[in-house]
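Encoded as structure tokens, the structure appears first; notes follow it.
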2 protein chains.
Amino acid sequence: MGVSVGTGLDLLLDQVMVGDCIDLMRRLPPASVHAIFADPPYNLQLKGDLRRPNDTLVDGVDDAWDRFDDLPSYDAFTRAWLTEARRVLRKDGTIWVMGSYHNVFRLGTALQDLGFWVLNDVIWRKSNPMPNFRGRRFTNAHETLIWAARGPESRYRFNYAAMKALNEEVQMRSDWFIPLCTGSERLRDDKGAKLHPTQKPEALLHRVILSCTAPGEVVLDPFLGTGTTAAVARRLGRRYIGLERDPGYAAAAMARIEAVEPLSETAALTTAGKREQPRIPFGHLVERGVVPPGSILVDRARRWSATVAADGSIRCGRAQGSIHQVGAAVQEAPSCNGWAFWHVEQPGGRLRLLDEYRVEALGSQG
Amino acid sequence: MGVSVGTGLDLLLDQVMVGDCIDLMRRLPPASVHAIFADPPYNLQLKGDLRRPNDTLVDGVDDAWDRFDDLPSYDAFTRAWLTEARRVLRKDGTIWVMGSYHNVFRLGTALQDLGFWVLNDVIWRKSNPMPNFRGRRFTNAHETLIWAARGPESRYRFNYAAMKALNEEVQMRSDWFIPLCTGSERLRDDKGAKLHPTQKPEALLHRVILSCTAPGEVVLDPFLGTGTTAAVARRLGRRYIGLERDPGYAAAAMARIEAVEPLSETAALTTAGKREQPRIPFGHLVERGVVPPGSILVDRARRWSATVAADGSIRCGRAQGSIHQVGAAVQEAPSCNGWAFWHVEQPGGRLRLLDEYRVEALGSQG
DNA sequence: CGAATGTCTGAATCTATAC
DNA sequence: GGTATAGATTCAGACATTC
């Protein structure tokens, strides 16, 4: 759970820094953050200024910028910040990048070209999107998030059990149904005007951060805006680094983050999958007498039975070895999880799955 | 409604041509087709075998046509066929191109670079996708269709009213919920093996063709496969041109198309997507802050109390799991409807049933 | 014969740790 | 870094079979 120390990162944690994100990322040590969430500006204006995705309908003008000049400069900008992002991302960290059809293809292509390995594209389905007033297209009711590892061999974190718990014990899919950021969650000025045109809902960031980080790990947002990523990270007991060019947005973000009450450790805890739990070799159960040497193991249908040896190996006919190896051998399967295959005969003639003994042992050892 | 005559196109209508789609498109006159639907190879890059938890083997796409040396060669292929496609597309025609996260960013970037104007990205949400068996990613539950005009000034066709009618008189959104092509719709050989690894559902093409063409207009599919596009086009009273490299696929497509009975003009508006029953997992209320992490749940008699975790699981003493599981555990009952069992403490000391929050959330999401 | 149960399958970039 | 092995992992729908 600890953050690597001595890299100079500690001084920058839990802060919002004002400035160009590429310059600011250059100050961060390499391989220092566990996750990155980026909601970059969607298009560049001719002058090279950044522009938020004001739809043409909203500002009512024809696109003043020339697409053919503009896309290459947008690509150059994208590659520049993604290159720095990749440098500061830890070897086994992951990045989320978000966009709409205007820019998401550029983002995805740049990610792949730079060596990132796409894990999923996730669809944020908006429950309450703006309708298409002119009736000339389908209602643009979603945005796309690309989730990628630093490279194809990354051993990235995915909190599978937590995501499954969040979805009533069914695997979380790649399409997420989440309302827009409205009502009291939306930051406004004194006159009630939106402080930021594209403030993202906290529920979206909740799911993102919960899916790929552990408490205490560091989340970087290079386009922090009014601070949704940092606010949610803080609430969930994660560390954050927020970069934002606009001082007004940054100030609003700082005030907002300050007001966030971090969850208690127990509330921030999530369901641990079996992968996260300590391993118990079968031999330990044997030597503790939980499943003593000489016990008989059978499969559920009692097709095979095996004898437990004093060293934790088992024997079934000519097959001999670990519970996994023998389980695979008798079934002529390429592999087998012995814990979920073998059972112990109970006094009443009932069978008890080996895995239940392991769970019991896990509980008793704290 | 008429098709332009005298261009030499008439001789090629309502046919399946066998060969490389780039070569074949070169024979078509420029600006001759009203719509293009293209489902090109995805460049999946599968490595080893994948087995289900029950050790059965997943029948993946390992066909030669889906193998490319690297991303640059995939890009070159994409640009080559899209260039020809743009040449044969009428000035006011539109193109649909479909893919997954493996290739869709390359497709979208190529489309934009070649001058197409993206109108929507449409999400095909699969009602019954294959799960992620190893629990290492989100279930890949959708594919993306890019809908684009030939250029920014195109006066393209969008059958707004037809789409609205297909969607119970509300604007059609950019996310479509449609099942996979399975059961009797799936083409199979004598042994029951699927004829094509990636046959698309007719419901998907029904919506595509209905949205952007008029009866009598011409739909081109450069990657026809086993002919879904042509079959649906014929049923809907459109003309088609199907290109397919593999003679086996092409033969199957021809037989299939031959058997299609064109609909009368008025009968075209029936098949819709699958209707989705709204479902709210408890975790979604947690991440939306309706019942925030750290909340205390109690039963009606306040005999038990539980704490809500950030992933929507709850804890009560040693019991940990979903609202249903923990409700059952504390009562020592075989099952429990957590929605009807747990309550949230209100400011005034009153209790509010969890189910009321669920009903509220259901109402607000339409 | 209907209900209940079991089997099969789908565009899939599908493991982690110790030695 | 390569190799061996422990062991984690599935949802919906169509269809077949059994009770």
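Values reported hereafter were calculated over all heavy atoms of this structure, with side chains retained and with hydrogens, waters and symmetry mates removed. All values reported here derive from a predicted model rather than from experimental measurement. Throughout, protein chains are lettered first and strands after them, A, B, ... in sequence-line order, and every chain is numbered starting at 1.
- Position along DNA chain D of the nearest nucleotide to A:R275 versus B:T139 favours A:R275 as the more 5'-ward residue.
- In this model, the phosphate group of C:dA11 is approached by a side-chain N or O of B:R186 to a distance below 4.0 Å at OP1 or OP2.
- In this structure, A:R157 does not pair ionically with A:E276, as no charged nitrogen and carboxylate oxygen lie closer than 4.0 Å.
- For the C1' atoms, the distance linking C:dT9 with D:dG7 amounts to 25 Å, nearest Å.
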Verdict with reasoning, A:T270 to B:D311, per side chain to side chain donor-acceptor pair (under 3.5 Å): CA-CA 6 Å; A:T270 55; B:D311 64 354; 4.6 Å; no
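- Note on B:N140: only backbone sugar-phosphate atoms sit closer than 4.0 angstrom, heavy atoms only; bases stay farther off.
- Within the 4.0 angstrom heavy-atom criterion, no nucleotide atom of any strand lies near A:P281.
- Contacts of B:C181 with the nucleic acid, taken as non-hydrogen atoms under 4.0 Å apart, are absent.
- At D:dT10, one or more side-chain N or O atoms of A:K164 fall inside 4.0 Å of OP1 or OP2 (strictly under the cut-off).
- A salt bridge is defined here as a Lys NZ or Arg NE, NH1 or NH2 lying under 4.0 Å from an Asp or Glu carboxylate O, and B:E143 with B:R125 fails to meet this definition.
- Close to D:dG7, at under 4.0 Å from its OP1 or OP2, lies a side-chain N or O of A:H324.
- Comparing D:dG13, D:dC15, D:dT9 against the side chain of B:N128 picks out D:dG13 as the nearest.
- As judged by a 4.0 angstrom heavy-atom cut-off over every strand, B:P40 is placed among the base-contacting residues.
- A close approach under 4.0 Å does not occur between any side-chain nitrogen or oxygen of B:R52 and OP1 or OP2 of D:dT10.
- Across the protein-nucleic acid pair, B:L107 atom CG and C:dA11 atom P stand 18 Å apart, rounded to whole Å.
- Comparing A:N337 and A:R173 against DNA chain D, the residue whose closest nucleotide sits nearer the 5' end is A:N337.
- Distance, B:M130 CE to C:dG10 C1': 6 Å, rounded to whole Å.
- One finds a salt bridge joining A:D355 and A:K274 here, because a Lys/Arg side-chain nitrogen approaches an Asp/Glu carboxylate oxygen to under 4.0 Å.
- Using a 4.0 Å heavy-atom cutoff across all strands shown, B:D39 reaches at least one base atom of the nucleic acid.
- Separating the CZ atom of B:R136 from the C1' atom of D:dT9 is a distance of 11 Å, rounded to the nearest angstrom.
- Looking only at atom types and distance, the side chain of A:H142 has a donor-acceptor partner in the side chain of B:D121 under 3.5 Å away.
- The listed nucleotides are D:dT9, D:dG13, C:dT17; the one nearest the side chain of A:K274 is D:dT9.
- Distance CZ (B:R137) to C1' (C:dC14): 7 Å, rounded to an integer number of Å.
- Each of B:Q199 and A:Y156 lies near DNA chain C, and the nucleotide nearest B:Q199 is the one positioned closer to the 5' end.
- Between A:R358 and D:dA8 there is a side-chain N or O to OP1 or OP2 distance below 4.0 Å.
- Among the atoms of the strands shown, base atoms are found under 4.0 Å from some heavy atom of B:D66.
- Among the protein residues, B:G60 comes within range of the nucleic acid bases, having at least one heavy atom under 4.0 Å from a base atom.
- Comparing D:dA6, C:dA11, C:dG10 by their closest approach to the side chain of B:K126 singles out C:dA11.
- Residue B:R51 places none of its side-chain N or O atoms closer than 4.0 Å to OP1 or OP2 of C:dA12.
- One can find a donor-acceptor pair under 3.5 Å joining the base of C:dA11 and the side-chain atoms of B:K200.
- Of the two residues near DNA chain C, B:V61 and B:G135, the one whose nearest nucleotide lies more 5' is B:V61.
- Distance CG (B:N54) to P (C:dG6): 14 Å, rounded to an integer number of Å.
- Across all strands shown, B:G99 has no heavy atoms under 4.0 Å from either base or sugar-phosphate atoms.
- Nucleotide D:dA8: unpaired (no Watson-Crick or G-U wobble partner with both distances less than 3.5 Å).
- Look at A:R352 and A:E360 and you find a salt bridge, because one of the NZ, NE, NH1 or NH2 atoms lies within 4.0 Å of a carboxylate O, short of that distance.
- C:dA18 is paired with D:dT3 under the Watson-Crick or G-U wobble criterion, all donor-acceptor distances under 3.5 Å.
- In this structure, B:T198 reaches the bases: a heavy-atom distance under 4.0 Å links it to at least one base atom across the strands shown.
- For B:D59 and B:K194, the salt-bridge test passes: some basic side-chain N is under 4.0 Å from an acidic carboxylate O.
- Taking the P atom of each, C:dA12 and D:dA6 are spaced 31 Å apart, rounded to whole Å.
- In this structure D:dT18 sits in a base pair with C:dA3, meeting the Watson-Crick or G-U test at under 3.5 Å.
- At the phosphate of C:dG10, OP1 or OP2 sits under 4.0 Å from a side-chain N or O atom of B:K194.
- C:dA12 is unpaired under the Watson-Crick or G-U wobble criterion, no partner having all donor-acceptor distances under 3.5 Å.
- Within the nucleic acid shown, A:V170 comes within 4.0 Å of sugar-phosphate atoms alone, with no base atom in reach, counting heavy atoms only.
- Between A:S322 and D:dA6, a side-chain N or O to OP1/OP2 separation shorter than 4.0 Å is present.
- Using a cutoff of 4.0 Å between basic side-chain nitrogens and carboxylate oxygens, B:R173 and B:D175 are scored as salt-bridged.
- For the OP1/OP2 pair of D:dT10 and a distance below 4.0 Å, the side-chain nitrogens and oxygens of A:Y160 include at least one atom meeting the criterion.
- Between the CG atom of B:L44 and the P atom of C:dC14 there is a distance of 10 Å, given to the nearest Å.
- For the pair A:R279 CZ and D:dT5 C1', the interatomic distance rounds to 9 Å; values are reported in whole Å.
- Atom CE in A:M163 sits about 15 Å away from atom P in D:dT10, given to the nearest Å.
- Nucleotides D:dT9 and C:dA11 place their P atoms 25 Å apart, quoted to the nearest Å.
- Side chain of B:E143, nearest nucleotide from C:dC14, C:dA11, D:dA8: C:dA11.
- Salt-bridge formation is not detected for the pair B:D62/B:R67: no Lys NZ or Arg NE/NH1/NH2 atom is positioned less than 4.0 Å from an Asp or Glu carboxylate oxygen.
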